Amino acid sequence: MENLYEITRDPISIEAIVKKVEHPHAGAINTFIGTVRELTHGKRTIYLAYEAYESMAIKKLAQIGEEIKKKWPDTRVAITHRIGQLEISEIAVVIAVSTPHRNDSYEASRYAIERIKEIVPIWKKEHWEDGEKWMGDQLEKVAYPTGKPPKGDE
């Protein structure tokens, strides 16, 4: 069986993720590609380091896929998120969603990235020109000063 939801340390092949959702009944395939940006609120990033609780992260990615299938029937979803050190412009996440009609594909793709930021245990360390900081959740509302979630938040 094909792995639709993955955490990897290797560069992500967009084409490989899209292939996972191709289907003769699909009229649309929407692909979201999240990359490492250089500037955040005027601050220059040198690189990012992503970490994750990998087994839990894969389960949460699969949960998002199931949520999407319930909200948008006849949908196929594949999500791959990269961890480790990523340079500017490298791909951190790819979401591919195929649906019979394009509107559902756009909506489901947006839903997936927002849910990833809400529930998937992946966090990052920002390396700037003038320092560094672990960011906890992907909504960037919680700092992880030790580089990991606090006990009880795992």
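What's counted below: heavy atoms across the whole structure, side chains too, no hydrogens, waters or symmetry copies. Only a predicted model underlies this, so the values are computations on that prediction, with no experimental measurement involved. Nothing fancy with the numbering, it's 1 onward along the sequence.
For Thr45 against Ile88, the heavy-atom pair with the smallest separation is O-CD1, 3.3 Å. Listed here is the closest heavy atom pair of Ile12 and Ala92: CD1-O, 3.7 Å. Ser105 and Ile29 make their closest contact through OG-C, 3.8 Å (heavy atoms, listed as atom of the first residue, atom of the second, distance). Closest non-hydrogen pair, His127 versus Ala49, comes out as NE2-CB, 4.2 Å. Summarising the geometry of Pro73 relative to Pro100, their closest heavy-atom pair is O-CD, 4.3 Å, with the distance given to 0.1 Å. Nearest heavy-atom pair across Ser98 and Val21 is OG-O, 2.6 Å.
Both Val36 and Phe32 are members of a single hydrophobic cluster when ILVMFWY side chains are connected at heavy-atom separations under 4.5 Å. Leu61 and Val18 fall into different hydrophobic clusters, where Ile, Leu, Val, Met, Phe, Trp and Tyr are joined by side-chain heavy atoms under 4.5 Å apart, directly or via other members. Taking hydrophobic clusters as Ile, Leu, Val, Met, Phe, Trp and Tyr residues chained together by side-chain heavy-atom distances below 4.5 Å, Ile91 does not share a cluster with Leu86. Follow the hydrophobic side-chain contacts under 4.5 Å out from Val120 and you reach Ile113 in the same cluster.
Counting only heavy atoms from C-beta outward, the side chains of Trp134 and Trp123 approach each other to under 4.5 Å. When side chains are defined from C-beta on, Val93 counts as touching Ile116, because their heavy atoms get closer than 4.5 Å.
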Derivation and outcome, side-chain contact (heavy atoms from CB on, under 4.5 Å), residues Ile119 and Gln63: CA-CA 10 Å; Ile119 68 168; Gln63 176 187 326; 3.7 Å; yes

From CA spacing to verdict: salt bridge (Lys or Arg N to Asp or Glu O under 4.0 Å), Glu22, Lys19: CA-CA 5 Å; Glu22 288 179 344; Lys19 287 272 184 211; 3.7 Å; yes

Could you walk me through whether Leu39 and Arg44 pass side-chain contact (heavy atoms from CB on, under 4.5 Å), step by step? CA-CA 5 Å; Leu39 296 173; Arg44 185 173 308 279; 4.0 Å; yes

Step by step, work out the side-chain contact (heavy atoms from CB on, under 4.5 Å) result for Glu90 and Glu87. CA-CA 6 Å; Glu90 284 194 293; Glu87 306 297 327; 3.5 Å; yes

List the steps, then state whether side-chain contact (heavy atoms from CB on, under 4.5 Å) holds for Val94 with Thr31. CA-CA 7 Å; Val94 174; Thr31 306; 4.0 Å; yes

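Under the 4.0 Å criterion applied to side-chain N and carboxylate O atoms, Glu6 and Lys20 are assigned as salt-bridge partners. Classification of Arg110 and Glu114 as a salt-bridged pair holds, one side-chain N sitting under 4.0 Å from a carboxylate O. With respect to the salt-bridge test (charged N to carboxylate O, under 4.0 angstrom), the residues Lys133 and Glu126 do not qualify. In summary, Glu51 and Lys125 do not engage in a salt bridge, as defined by a charged side-chain N under 4.0 Å from a carboxylate O.
In this structure, Lys69 places its NZ atom where more than 12 heavy-atom neighbours from other residues, nucleotides or ligands lie under 6.0 Å away. Counting heavy atoms of neighbouring residues, nucleotides and ligands inside a 6.0 Å radius, atom NE2 of His101 does not exceed 12 of them.
Paired with Thr40 under the rule side chain to side chain donor-acceptor pair (under 3.5 Å), one option of Arg37, Lys43, Glu38 passes, and it is Arg37.
Rounded to the nearest 0.5 angstrom, Asn3 CG and Ile79 CD1 are separated by 13.0 Å. With rounding to the nearest 0.5 angstrom, the OG1 atom of Thr35 is 10.0 Å from the CG atom of Leu48. One distance of note links CD of Glu118 with CD1 of Ile64; it measures 8.5 Å at 0.5 Å rounding. Rounding to the nearest 0.5 angstrom, the gap separating the CD1 atom in Ile7 from the CZ atom in Arg82 is 12.5 Å. For the atom pair CD (Glu132) and CD (Glu129), the distance works out to 14.0 Å, reported to the nearest 0.5 Å. Taking OG1 of Thr75 as the reference point, atom CG of Asn30 lies at 11.0 Å (rounded to 0.5 Å).
Classification of the Tyr111-Trp72 ring pair by plane angle, with boundaries at 30° and 60°, yields perpendicular.
Checked against the 6.0 Å centroid threshold, His81 and Tyr5 do not count as a close aromatic pair. The aromatic ring centroids of Trp128 and Tyr47 lie 6.0 Å or more from each other.
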